[in-house]
Amino acid sequence: MQRIEDILRAVVITATQELFGQAAAGEQVQFQKTRKEFAGDITIVVFPLTRLSKQSPEATAEAIGTYILSHFASADAFNVVKGFLNIELKASFWTSFLKDMSTHDKYGFGDKGSRGPIMVEYSSPNTNKPLHLGHLRNNFLGYSVARILEAYGHDVVKVQIINDRGIHICKSMLAWQRFGNGETPASSGLKGDKLAGKYYVAFDKAYKAEIAEGITSGKSEDEAKASAPIMLAAQEMLLKWEQKDPDTIALWKTMNGWVYDGFDATYHEMGVDFDKLYYESDTYLLGKETVDLGLEKGVFYRREDGSVWCDLTGDGLDEKLLLRKDGTAVYMTQDIGTAIMRFREYPGLLSQIYTVGNEQEYHFKVLFLILKKLGIPGAENCVHLSYGMVELPEGKMKSREGTVVDADDLLAEMAATAQAIAEEQGKLEDVSADEKAVLYKTIGYGALKYFLLKVDPRKTMLFDPKESIDFIGNTGPFIQFNYVRTRAILRKADAADLKVDWQIDNLSDAERALIKKLYEFPDVLATAAQTLDPSQIANYVYDVVKEYSSYYQASPILKEEDPNIRSMRLSLTEQTGKVVKAGMELLGVGMPERM
RNA sequence: GGUCCCGUAGCUCAGCUGGAUAGAGCAUCUCACUUCUAAUGAGACGGUCACAGGUUCGAAUCCUGUCGGGAUCACCA
């Protein structure tokens with residue numbers, strides 16, 4: 001369906017040609033939504049057109065308005081305020097739009113797969129540390145962006161990279177060997193990721209004790225750190241791992257398995273998933289091979305000590321290490337390997353989108369530049385979806401100070417809050433216990449997801465655990481509640497009223513405003529997809545719902561006596577619910593049928 | 001020190017091609033439930049858009065500088 005802006009733009013261009021003898025350029029025809037205090041549906045800003053008309057803004061607007069009225073059938077009236085030409089469209093324009101949208105299941109969505117394949121990476125946690133609030137923002141963001149891109153018409157591949165090798169893994173393995181007494185998730189009742197995290201902490205504690213001991217026996221701090229027996233043992237274990245020592249590999253597999261099980265449980269609760277997992281243990285070798293290639297091409301160089309570097313000073317950056325002097329890979333090496341492997345496995349991939357915190361902006365700038373220098377096709381389209389930290393009132397989360405907000409705990413808390421509120425309201429007495437449990441999660445998790453996604457991703461945001469997350473106002477539950485209202489009405493409506501062949505020739509201001517909002521959805525989706533910004537969808541859906549809520553309070557729907565109007569209002573209710581549900585599902589938020 | 005991001009109401013945030021009198025939610029205060037689900041609605045209160053210049057018919061938005069906050073510049077990941 002052709003957008004109103006495009007139609008009007010064409011009309012204005014011919015108008016300027018006929019009236020002023022010179023056609024306006026497309027970008028000179030500027031539109032904006034008419035402000036609520038003025039009559040009209042769409043406003044043309046005529047200032048840029050005065051250059052063609054050589055007349056005052058008012059006269060220019062008047063002339064164009066008159067032309068539009070006689071050349072565009074859907075225009076009903078116009079008024080001019082300073083340089084703003086407000087155009088009122090006929091009610092039939094909006095009613096026929098409403099009827100038209102009701103014939104589309106996926107109103108506003110792009111054709112499936114019409115925009116090519118694209119990859120979105122998110123999550124990618126440290127396997128030694130359980131997921132926390134920051135990961136929740138990351139996962140919800142990445143998952144939502146993937147859904148938005150899919151709705152926009154891309155084929156999306158959701159992936160994560162699992163950092164499953166390196167000295168940090170050996171630390172928790174070693175601590176478990178020393179202090180674990182064979183403890184397993186089954187024997188301890190702990191989630192696997194929590195168990196591994198526990199031994200990672202235990203390692204750190206033992207290590208610190210050994211450093212302190214070393215210092216008291218007269219060593220410097222650096223010496224004490226370097227000679228701490230448990231650290232030496234961890235390094236030895238890494239060496240064994242790289243030599244594929246069977247016992248070490250077996251332990252590695254076992255403990256990683258626990259962690260993955262734990263993460264999977266959390267991902268399941270969060271409602272996110274992945275199409276493909278990449279493991280650094282599989283990709284770092286390709287990274288190392290690529291270093292050789294870069295050396296051959298002269299993109300990299302080797303220093304006397306054997307280390308390999310890339311000189312980016314010509315691009316305003318620094319020199320970057322790619323291989324240590326002992327020949328082992330660093331983070332960057334692995335990421336190069338991973339990126340290349342992905343482009344190989346998914347030929348035609350338009351872009352890779354990395355959902356990673358903004359503290360790694362420099363890393364990704366360097367990564368993309370190196371990929372480009374290596375001549376990897378697609379490198380120039382890679383994007384770092386950089387998001388801000390979630391901070392607490394006292395600042396960043398710090399594990400040392402015990403201020404880390406654990407993802408599992410927070411999710412459980414959200415469901416419990418939803419339960420408490422629901423029980424207080426007592427509207428769910430006839431719902432089964434199983435259904436209630438699902439509902440509390442839908443509402444509680446919905447509140448959390450909406451809370452994290454309604455904010456511009458790149459901004460640092462604040463989370464106050466003491467105030468917890470609201471369920472009223474601009475929140476997920478408020479949106480769900482209004483959706484539930486639409487469902488309740490539609491359940492109660494007579495089948496005979498649920499038709500779209502109603503005939504209405506005028507709309508109330510509230511109805512017109514609501515339909516106009518629904519009309520915006522495709523534009524909002526496009527903006528969200530292009531800017532990788534779910535907050536666009538979140539704030540839009542809130543606007544829709546606020547409009548509906550006000551309308552609902554003021555206008556009878558089922559109780560409207562005129563069957564024609566009743567049917568129209570039911571259509572409006574149904575279409576509002578459809579857009580709200582579609583929008584919230586793009587955020588990964590489920591919509592309950594009742595609450 | 002270099003580079004990047006941010007600064008809008010008491011608090012949390014919108015404001016995206018530069019446009020009309022800068023908007024929401026929370027908090028505070030009024031009013032409205034025998035009603036299609038009040039997890040609501042209507043209203044009041046609340047702003048030198050950090051500051052100073054500049055560009056423009058027009059700047060919260062673009063440019064420059066200053067101040068304040070954060071990140072980053074590892075043979076860590």
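The model shown is predicted, which means the values in this text are computed figures rather than measured ones. In the text below, chain A, chain B and the rest are named by the order of the sequence lines, each starting its count at 1.
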Undergrad: Go nucleotide by nucleotide along RNA chain B from the 5' end; which of A:Thr531 and A:Gln553 gets its closest nucleotide reached first?
TA: A:Thr531

Undergrad: When the ring planes of A:Phe451 and A:Phe463 are compared, do they come out parallel, tilted or perpendicular, using 30° and 60° as the limits?
TA: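 Ring orientation, 0 to 90° scale: perpendicular.
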
Undergrad: Tell me which nucleotide among B:G19, B:U35, B:U40 gets nearest to the side chain of A:Lys559.
TA: B:U35

Undergrad: Just one of A:Asp497, A:Ile489, A:Ile557 clears the side-chain contact (heavy atoms from CB on, under 4.5 Å) bar with A:Arg569, so which one?
TA: A:Ile557

Undergrad: For atom CG of A:Asp326, is the number of surrounding heavy atoms from other residues, nucleotides or ligands below 6.0 Å larger than 12?
TA: yes

Undergrad: B:A39, B:A24, B:U37: which one has an atom nearest the side-chain heavy atoms of A:Ala422?
TA: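 Given the options B:A39, B:A24, B:U37, the side chain of A:Ala422 is closest to B:A39.
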
Undergrad: On a plain distance test, is the side chain of A:Asp305 in donor-acceptor contact with the base of B:C75 below 3.5 Å?
TA: yes

Undergrad: For the C1' atoms, the ones on B:A59 and on B:G15, what distance do you get once it is rounded to whole angstrom?
TA: 14 Å

Undergrad: Quick check on B:A20: is either OP1 or OP2 less than 4.0 Å from any side-chain nitrogen or oxygen of A:Arg35?
TA: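 True: A:Arg35 side-chain N/O within range (under 4.0 Å) of B:A20 OP1/OP2.
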
Undergrad: Within this structure, what is the CG-to-P distance between A:Asp456 and B:G70, rounded to whole angstrom?
TA: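 Interatomic distance, CG of A:Asp456 to P of B:G70: 20 Å.
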
Undergrad: Counting side-chain heavy atoms from C-beta on, which of B:U40, B:A20, B:U72 comes nearest to A:Glu359?
TA: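 Looking only at heavy atoms from C-beta outward on A:Glu359, the closest nucleotide is B:U72.
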
Undergrad: Please check the phosphate of B:C13 (OP1 and OP2 only) for any side-chain N or O of A:Lys454 closer than 4.0 Å.
TA: no

Undergrad: Taking the side chain of A:Phe481 as its heavy atoms from C-beta onward, which of B:U40, B:C36, B:C6 lies nearest to it?
TA: B:U40

Undergrad: Would you say the side chain of A:Asp318 and the base of B:A74 hold a donor-acceptor pair, judged only by whether the two atoms sit under 3.5 Å apart?
TA: no

Undergrad: Can you tell me which nucleotide in B:G19, B:G41, B:A20 comes closest to the side chain of A:Gln30?
TA: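 Among the listed nucleotides, the one closest to the side chain of A:Gln30 is B:G19.
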
Undergrad: For B:C4, take OP1 and OP2 only and decide whether either is under 4.0 Å from a side-chain N or O of A:Lys365.
TA: no

Undergrad: Starting the side chain at C-beta, find the nucleotide from B:A20, B:C75, B:A14 nearest to A:Leu321.
TA: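 The answer is B:C75.
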
Undergrad: From B:C36, B:G25, B:C5, pick the nucleotide closest to the side chain of A:Asn474?
TA: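 In terms of side-chain proximity for A:Asn474, the closest of B:C36, B:G25, B:C5 is B:G25.
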
Undergrad: Would you check if the side chain of A:Arg594 reaches a backbone N or O of A:Lys427 as a donor-acceptor pair within less than 3.5 Å?
TA: yes

Undergrad: Among B:A20, B:C75, B:U37, which nucleotide sits nearest the side chain of A:Arg485?
TA: B:U37

Undergrad: Is the ring of A:Phe478 stacked on the base of B:A39, with centres less than 5.5 Å apart and planes under 30° off?
TA: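 The ring of A:Phe478 is not stacked on B:A39.
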
Undergrad: Whole angstroms only, please: what is the CG-P distance between A:Asn358 and B:A77?
TA: 21 Å

Undergrad: Going by ring centres under 5.5 Å and near-parallel planes (under 30°), is A:Phe47 stacked on B:G58?
TA: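 Base of B:G58: not stacked against A:Phe47.
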
Undergrad: Do A:Val81 and A:Phe38 come close enough that some side-chain heavy atom pair is under 4.5 Å?
TA: yes

